[in-house]
**Q** 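Quick one: this structure, given as structure tokens, is what I'll be asking you about.
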Amino acid sequence: MTRCQVTGVPTGAGKRSPGGFHRYGAVESSAVTNPSSERGQEAADVDLPTQYQPANVEGRLYERWVSRGLFTADPARDPSRPAYSIVIPPPNVTGSLHMGHALDHSIQDTLVRRRRMQGYEALWVPGMDHAGIATQNVVERELAKEGKSRHDLGREAFVERVWRWKGESGGRILGQMRRLGDSVDWTREAFTMDDARARAVRTIFKRLFDDGLIHRAERIINWCPRCLTALSDIEVEHADREGELVSIRYGSGEDELVVATTRAETMLGDTAVAVHPDDERYRHLVGREIELPLTGRRIPVVADAHVVPAFGTGAVKVTPAHDPNDFEIGRRHGLPSLAVLDERGVITAPGPFEGLDRFEARPAVVAALREQGRIVKEVRPYEHSVGHCQRCSTVVEPRVSLQWFVTVAPLAKAAGDAVRDGRVAIHPPEMAARYFEWVDDMHDWCISRQLWWGHRIPVWYGPDGETVCPGPDEEPPAGWTQDTDVLDTWFSSALWPFSTLGWPDRTPELERFYPTSVLVTGYDILFFWVARMMMFGLYAMDGAEPFKTITLHGMVRDQHGKKMSKSFGNVVDPLDWIDRYGADATRFTLLRGANPGGDVPVAEDWAQGSRNFCNKLWNATRFALINGAHVRGELPEDVTAVDAWILSRLQTVIAEVDGHLESFDFAKACEALYHFAWDEVCDWYVELAKVQLADGRAGATRRVLGEVLDKLLRLLHPVVPFVTEELWTSLTGSGQGTDTIVTAPWPEPDRARSAPAAEELVASLQRMVTEVRRFRADQGLKPGQKVAADLEWNGSPLAAHEDGIRSLLRLTEPAGGFSATASLPVEDVKVHLDTAGAIDVAAERKRLEKDLAAARKEIGQARGKLGNEAFMAKAPEAVVAKNRDRLAQAEADVRRIEAQLAALPTA
RNA sequence: GGGCGCGUAGCUCAGGGGUAGAGCACUCGGCUUACAACCGAGCGGUCGGCGGUUCGAAACCGUCCGCGCCCACCA
């Protein structure tokens, strides 16, 4: 007796419990007896639950994988093996994982697991991002509930509090990654603010500083009046807003000109009016001064090519302190910069508006102008784009201040070239356009933030304003004070591909795993993160790119393609699905929808479908185990056409799935697996195997069944790791040299198994079976009802499968005096069915006539083509041949159907 | 304002010069001992409109209509 191990099978009697399955017992493993006999259908005494229960499997398997170190990569192990590495896009410590993460992680896990099975030294580095503003905002909100601000705590205590909060939130995220099944190397977990990463930040900052690529300057930057910090260009989101365009008369009499503005309140800070140098209308005013309403100040009229004469009145008010364009104009003309708003967007200009918020001041200024008579020429509604803080949606205020910048031009050039040169591939390729758009036209990057949570800028100031940037292991001079700002959170994220591998040290990890193999992320952070990693990776690693391929996936959406958002109420929590349908089903649903470059719609129904698919795999394997399927020894040479067919199909599917995964086409890989597993293996092969098991071919069938499931489960493992591990270890026992599918060899196609003749034969068999079933269904013959039939094979090779066909169609042998009442010539075979005289002639005639019309139409179309001279002259031979086949097939159909009609009893 | 992409079955999406596809939904019939989280059989589309190229267009080109996303310093 051999024993087939099935872990976690239920205890209890063999009868089905009311829920349709048994509860798992506490028994870790119980034996399923496997018939050693090769005779017939000696059913094994198997007692498996009839439904897959992920909750009973996932946690146990994950802990086992981790404790056995299956996910731990070792840079020193067998240097001849190729290396494969991915660094995780570190989730923000704020909040929890959402469906977008689940998709991102499912893709990475699929890639890494496949490579691991292929024998690569595979490393997937986990970690989290400290997420500067976002995290600080969360903790500040928490404090606000206690009626406190961060200033009440002071910097040190506040940062300590954020660390504490990070500990709790981060732990939750790591738990969610375990639930998803992420095969990350937990021994290398990193955080963008831990000591190792802090050292990397200090090191690269110092290098950039010394290379003159970091500088401090007073410039106009994006400022969030709520977060009270500078923002980089990409942290500003533009949205169209309804506003008012106010036309105001400046100057008077001959001096008068009209300017239009959407921000009337900033006129208090105007220091000029600009017109285009070639604009005849205003030429006489250039160089003169005109009076600025409300203030009584006189401001010059300057000529600047930036002004578009055709827009509005062709005259622009210039507020260098509060508008980026005006700032530049001011610089060009040496205009003073007069700030009239403070850091919170409150008017500071002395006078009636002082103390008003910018949005209160705007109508107030207009009202005041109106009081003075005809100064306001016109007010009209005006839709224009307004910048908002990405983190809190507050309208951004351009502000002149002293900030730190990275000079990006040389870095961005290198980042663009790496893709242009083909050293880094972007997938799907259309996305490269967006990348270039950004990289080729990038402004200097403002990296200082007036926050407390983040890497503090490693620059110290001396008593006389001297500046020093010490390296990570150097001390600043005693008594000097450090810059109070912190770095943009993307600064440390940009180092991620090498900081996680030990940089700046030349670690074995860095040697072996850099450049990383692929970066997987959503197209939404191509600019934020990917381009910056490219810049810093190429810079820090002496021109070595951070990853060889960038693959971008879409956003997870609801079943109507709508973005998931809290306000819509259509957000799905991946943990909820994992709880109810399992991690595998959740992953499968996401990957099945992951068409390259496209967004990924998901819905409850689809998760259920994926859950059902996992259950299907479970039951197919359960059937196989009950019937003694195994993987011992070579495949038998003497197999039936049905066996040859499924083995042939298996080779094709292996090649297809492998190719799809290689090209990041997860949807197609899933599609191929789903179709093969369900439609071919379960619906046809398993059904035909039942016959073979019963008719003396049990030995070979058990081995083939074992083979098919073995390879299929391995192919599926990267996508649905849990159920495949559970089933595969049961199926294969421990005789495979590995007792986990995690490191089982990735299947490779075996061309020798290709059997086109068998595939064609089974296709015929399927057509025949389907046709008879159709007839039975149309005639209202109960599916379970046995029907006497006589089969005329006419030399068809299908004759070899008569038993199978009879079994599938529930046909009995004619008992003695057979008298056919219905005759179906299908394929080359004739089926005479004894329908007990209950045949619905009218229905069948209608049906056949419809089919006949369709076949005749086919003939018409094919003849049309074949009779068309131009077609015959120009169409490729293959197409012509196809049409000949089509014609022949249709003609055969017509003959068959006509025979069937003729055979129908007359009413 | 610039760039990219999309309109194919009721829904979500594949396909991409040579007979229109999948999943879900829907209709009909079945608890056929692996699985009712299942099985079997069906219904369903002039591939957004109009022109053009071609022997042949859902696919290629042009144009129009509708939609989405990204970038953007014309007040």
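Lettering of chains follows the sequences in order, A, B, ..., and the numbering in each one begins at 1.
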**Q** Using Watson-Crick or G-U wobble geometry with both distances below 3.5 Å, tell me the partner of B:rU63, or none.
**A**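 Paired with B:rU63, as far as the under-3.5 Å criterion goes, is B:rG49.
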
**Q** For the pair A:D584 (side chain) and A:V723 (backbone), establish whether a donor and an acceptor sit closer than 3.5 Å, ignoring hydrogens and angles.
**A**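 Side chain of A:D584 to backbone of A:V723, a donor-acceptor pair under 3.5 Å: yes, one is there.
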
**Q** Measure from the side-chain heavy atoms of A:Q51 and tell me the nearest of B:rA37, B:rA41, B:rC39.
**A**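 Of all the options, the side chain of A:Q51 is nearest to B:rA37.
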
**Q** As a test of reading the structure: which of B:rC70, B:rA41, B:rG40 is closest to the side chain of A:T770, going by heavy atoms?
**A**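 That would be B:rA41.
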
**Q** Return whichever of A:W606 or A:N612 has its heavy-atom-nearest nucleotide of RNA chain B closer to the 5' end.
**A**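 Looking at RNA chain B, the more 5' nearest nucleotide goes with A:W606.
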
**Q** Do A:L765 and A:W684 come close enough that some side-chain heavy atom pair is under 4.5 Å?
**A**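 The answer is yes, as the side chains (C-beta and beyond) meet within the 4.5 Å cut-off.
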
**Q** For B:rA34, what is the paired nucleotide under Watson-Crick or G-U wobble rules, both distances under 3.5 Å?
**A**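 Pairing partner, where one exists within any strand: none, as none qualifies.
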
**Q** Hey, does A:E858 reach any base, or is it just sugar-phosphate, or nothing, if we go heavy atoms under 4.0 Å?
**A**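 Base, at least one base atom sits under 4.0 Å.
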
**Q** Could you tell me whether A:F327 contacts a base, only the sugar-phosphate backbone, or nothing, with contacts defined as non-hydrogen atoms closer than 4.0 Å?
**A**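 Here A:F327 touches no strand at all.
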
**Q** So what does A:A433 hit on the nucleic acid, given a heavy-atom distance under 4.0 Å: a base, only sugar-phosphate, or nothing?
**A**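 The answer is nothing, as A:A433 stays clear of every strand by at least 4.0 Å.
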
**Q** What interatomic distance, in whole Å, is found between P of B:rG66 and the corresponding atom of B:rA72?
**A**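 About 27 Å, rounded to a whole number of Å.
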
**Q** In whole Å, measure the gap between the P atoms of B:rU53 and B:rG62 for me.
**A**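 One P to the other, the span is 15 Å.
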
**Q** Looking only at atom P, what distance separates B:rC47 and B:rG18, rounded to whole Å?
**A**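 It comes out at 16 Å once rounded to the nearest Å.
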
**Q** Would you say A:K690 places a side-chain N or O within less than 4.0 Å of OP1 or OP2 belonging to B:rA34?
**A**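 The answer is yes; a side-chain N or O of A:K690 sits under 4.0 Å from OP1 or OP2.
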
**Q** If I pick the P atom on B:rC60 and the same atom on B:rG42, what distance separates them, to the nearest angstrom?
**A**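 Result for the P pair: 34 Å, nearest Å.
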
**Q** From B:rU54, B:rC74, B:rC69, pick the nucleotide closest to the side chain of A:R434?
**A**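 Nearest to the side-chain atoms of A:R434, counting from C-beta on, is B:rC69.
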
**Q** To the closest 0.5 Å, what do you measure between CD1 (A:I221) and CD (A:E397)?
**A**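 Rounded to the nearest 0.5 Å, the CD1-CD separation comes out at 10.0 Å.
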
**Q** When we call it a touch if two heavy atoms are under 4.0 Å apart, what does A:C614 touch: a base, just sugar-phosphate, or nothing?
**A**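 No contact.
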
**Q** Is any side-chain heavy atom of A:Y382 closer than 4.5 Å to a side-chain heavy atom of A:T261?
**A**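 Heavy-atom side-chain distance check fails, nothing below 4.5 Å.
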
**Q** With respect to the side chain of A:S385, which nucleotide from B:rA72, B:rA75, B:rA41 is positioned closest?
**A**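 Among the listed nucleotides, the one closest to the side chain of A:S385 is B:rA72.
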
**Q** Of the listed nucleotides (B:rC13, B:rA75, B:rA41), which one gets closest to any side-chain atom of A:T261?
**A**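 So the nucleotide nearest the side chain must be B:rA75.
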
**Q** Take atom P in B:rA58 and the same atom in B:rC43, then report the distance between them in whole Å.
**A**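 Looking at atom P only, B:rA58 and B:rC43 are 23 Å apart.
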
**Q** How is A:R773 classified with respect to the nucleic acid when contacts are heavy atoms under 4.0 Å: base, sugar-phosphate, or nothing?
**A**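 Sugar-phosphate contact only.
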
**Q** What is the pairing partner of B:rG29, taking Watson-Crick or G-U wobble pairs with both distances under 3.5 Å in any strand?
**A**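 Paired with B:rG29, as far as the under-3.5 Å criterion goes, is B:rC39.
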
**Q** Report the nucleotide, chosen from B:rC55, B:rA14, B:rC74, that has the shortest atom-to-atom distance to any side-chain atom of A:V308.
**A**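 Side chain of A:V308 sits closest to B:rC74.
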
**Q** With heavy atoms under 4.0 Å as the rule, sort A:V602 into base, sugar-phosphate or nothing.
**A**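 The answer is nothing, as A:V602 stays clear of every strand by at least 4.0 Å.
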
**Q** Quick one: sort the A:Y674 and A:W678 rings into parallel, tilted or perpendicular, breaks at 30° and 60°.
**A**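 Judged by the thresholds at 30° and 60°, the geometry between A:Y674 and A:W678 is tilted.
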
**Q** Between A:K616 and B:rC39, does any side-chain N or O lie under 4.0 Å from OP1 or OP2?
**A**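 For A:K616, the contact criterion (side-chain N or O under 4.0 Å from OP1 or OP2 of B:rC39) is met.
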
**Q** How far does the C1' atom of B:rC61 sit from the matching atom of B:rC67, given to the nearest Å?
**A**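 Their C1' atoms lie roughly 23 Å apart.
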
**Q** Just to be sure I understand the rule, does A:R847 reach a base, reach only the sugar-phosphate, or reach nothing, if contact means heavy atoms closer than 4.0 Å?
**A**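 If one applies the 4.0 Å heavy-atom cut-off, A:R847 turns out to touch the sugar-phosphate alone, with no base involved.
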
**Q** Assign A:P876 to base, sugar-phosphate, or nothing according to its heavy-atom contacts below 4.0 angstrom with the strands shown.
**A**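 Base, at least one base atom sits under 4.0 Å.
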
**Q** Between B:rC71 and A:Y435, is there an OP1 or OP2 to side-chain N/O distance shorter than 4.0 Å?
**A**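 The answer is no; no side-chain N or O of A:Y435 sits under 4.0 Å from OP1 or OP2.
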
**Q** Go through it in stages, so that I can follow the logic: the residues are A:R241 and A:H388, the test is side chain to side chain donor-acceptor pair (under 3.5 Å), and I'd like the CA-CA distance, side-chain angles, deciding distance and then a yes or no.
**A** CA-CA 11 Å; A:R241 287 296 132 87; A:H388 296 77; 2.8 Å; yes

**Q** Expressed as a whole number of Å, how far does the C1' atom of B:rG45 sit from that of B:rU12?
**A**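 That atom pair is separated by 16 Å.
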
**Q** Nearest whole angstrom, please: distance from the P of B:rU12 to the CG of A:L590.
**A**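 About 18 Å, once rounded to whole Å.
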
**Q** Provide the Watson-Crick or G-U wobble partner of B:rG18, both distances under 3.5 Å; none if there is no partner.
**A**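 Check on B:rG18: paired to B:rC55, both distances under 3.5 Å.
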
**Q** If we take the C1' atom in both B:rC38 and B:rC31, what is their distance in whole Å?
**A**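 It comes out at 9 Å once rounded to the nearest Å.
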
**Q** Looking at A:T621, I'd like to know whether one of its side-chain N or O atoms comes within less than 4.0 Å of OP1 or OP2 on B:rA34.
**A**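 For A:T621, the contact criterion (side-chain N or O under 4.0 Å from OP1 or OP2 of B:rA34) is not met.
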
**Q** Select from A:R592 and A:R611 the residue whose nearest nucleotide in RNA chain B is closer to the 5' end of that strand.
**A**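 Comparing both residues, the 5'-ward one is A:R592.
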
**Q** Under 4.0 Å from OP1 or OP2 of B:rG15: is there any side-chain N or O of A:K668 that close?
**A**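 Checking B:rG15 against A:K668, a side-chain N or O does come within under 4.0 Å of OP1 or OP2.
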
